[in-house]
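So that the names make sense, note that chain A is the first sequence line, chain B the second, and so on, each numbered from 1.
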2 protein chains.
Amino acid sequence: MATQVPVRAKGRPRSAVADSAIDTAALELFAEEGFQRFSVEAVAARAGVGRATIYRRFANREELLAHAMQQLDADVRVIPEPGDYWQILTKLLDDIRESSLDSLKSRIMIRVLSEGARYPQLRSMVVERVIRPRQARLRAVLVRGISQGQLRSDLDMEATIALLIGPMVWLKMLGLTPEAGAASTSSIVAALRTGLAPASHL
Amino acid sequence: MATQVPVRAKGRPRSAVADSAIDTAALELFAEEGFQRFSVEAVAARAGVGRATIYRRFANREELLAHAMQQLDADVRVIPEPGDYWQILTKLLDDIRESSLDSLKSRIMIRVLSEGARYPQLRSMVVERVIRPRQARLRAVLVRGISQGQLRSDLDMEATIALLIGPMVWLKMLGLTPEAGAASTSSIVAALRTGLAPASHL
DNA sequence: GTAATTCGATACGTGAATGTATCGTAATTA
DNA sequence: TAATTACGATACATTCACGTATCGAATTAC
């Protein structure tokens, strides 16, 4: 391993303020406007930065967007407090809804996923930084539920995750905000817990 | 009511071939490329038609796209044959997956929905022509299930529909094709039927 | 046949964004 | 102080799609 001392270059150093302003502006703009109006011009204007300052860092808008996506914090909160298993599961879904189905991250995720395989690089970034860590956390809770007997032992993980996440995403895409409605996380969990069939039919 | 005879105009009539070629090209192009590269130029080229031919019909690309969307067939097949209720439900989901989650209609729907409220006109078209008729058919089956006793009577319709549709959409967006996997429609129905909890915990 | 209208093709001017280059100014090293 | 690099701003040429207009050929009503 070479020493790799971060040799301080000679002239004026690059502005860290500009760095983060560019990242923030890029993420917000993309979340709000999507691919269409995502232009270097617009990012520069929003960041309060000259276009040259962006082109000094990135060769083109693809690199700009990719770098901004890397700034998506993959932070995953700790699993909530102990208590009733189904309450924990509900809390977890609430957290997923808040942390990745609301606001900025949500729109970025949905926009990128809806483009299918057109931007594989951006897609894998979103999957790795937003989706995967949250699915891993959810998976852990499901595994625990199986080992503790609250969940059937023959559940398929991928399918079960889809059953929990899918309805929230779908309602989100339809523009329904089921906060006070019947499609709250608790009602999703409740329906999945006991199933759609009446007890007498089991 | 006036006679409203479709008075044949004088000159050369508009080409019906061009009409449908434009619609088809517009839908395919939008499904493949999305809003970004959806241009009148590209549609004309793909349809093998002069740009003037398009502009003679539509004032701008928004009208062009909107008209093409109107050609989305809202055809909803008849409810499948009688039999076990849960088989019918499974068949219905299969049909929904085929008829609106595959290929062209799927991509159009997901693209439009993912744009949120940016294109309210296109959005409501997709909702009315693709989503609503299929949800209505699904709702009818659910209502029948309640009245026949296969489903719990306290189910919320919107939430239940989201539980059935959401997982399929989510898996679709993730690019997972669960045809032979655990997330098939039959496994979704099965899991929803009896729930995630083991019978001993009810 | 004559007038009217559409056809594909293409020319035109406009506007937006691209990526490069250059300006004077600011910040940093040597 | 001198050299060097980044800064915001802006000019530049290029590309692309826009929407309009015009062309000769084709098709129809009268």
Please list, pair by pair, any protein nitrogen or oxygen found under 3.5 Å from a nitrogen or oxygen in nucleotides 17-27 of chain D.
| residue | atom | partner | partner atom | Å |
| --- | --- | --- | --- | --- |
| D:dC18 | OP1 | B:Val40 | N | 3.0 |
| D:dC18 | OP2 | B:Val40 | N | 3.0 |
| D:dC18 | OP2 | B:Glu41 | N | 3.1 |
| D:dG19 | OP2 | B:Tyr55 | OH | 2.9 |
| D:dG19 | N7 | B:Arg51 | NH2 | 3.0 |
| D:dG19 | O6 | B:Arg51 | NH2 | 2.7 |
| D:dT20 | O4 | B:Arg51 | NH2 | 3.4 |
| D:dA26 | N3 | B:Arg12 | NH1 | 3.4 |
| D:dT27 | O2 | B:Arg12 | N | 3.4 |

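Taking every heavy atom of residues 22-30 of chain A and every atom of DNA chain D, no pair lies under 4.0 Å.
A:Asp95 meets the side chain to side chain donor-acceptor pair (under 3.5 Å) test with A:Arg77, A:Arg137; sequence neighbours excluded. Scored by the ring-ring contact (aromatic ring centres under 6.0 Å, His included) test, B:Phe35 finds B:Phe30, B:Tyr119 as partners (sequence neighbours excluded). Considering only residues two or more places apart in sequence or on other chains, A:Ser186 meets the side chain to side chain donor-acceptor pair (under 3.5 Å) condition with A:Ser184.
Rounded to an integer number of Å, the gap from B:Ile54 CD1 to C:dT6 P is 15 Å. Rounding to whole angstrom units, CZ of residue B:Phe58 and P of C:dT6 are separated by 14 Å. To the nearest angstrom, C1' of D:dC16 lies 16 Å from CD of A:Gln36. Counting to the nearest Å, the P atom of C:dT6 and the CG atom of B:Asp19 are 11 Å from each other.
A salt bridge does not link A:Arg107 with A:Glu32: every distance from a Lys NZ or Arg NE/NH1/NH2 to an Asp or Glu carboxylate oxygen is 4.0 Å or more. Ion pairing between A:Arg46 and A:Glu33 fails under the 4.0 Å rule for side-chain N and carboxylate O.
In terms of modelled atom types and a separation under 3.5 Å, the side chain of A:Arg123 and the main chain of B:Leu174 share a donor-acceptor contact.
You'll find that the side chain of A:Val49 is closest to D:dG8, out of D:dC7, D:dG8, C:dC7.
Every pair passing side chain to side chain donor-acceptor pair (under 3.5 Å) that includes a residue from residues 10-22 of chain A is listed here, sequence neighbours excluded: A:Asp19-A:Arg57.
Atom CG in B:Leu164 sits 8.0 Å away from atom CD1 in B:Ile188 (nearest 0.5 Å).
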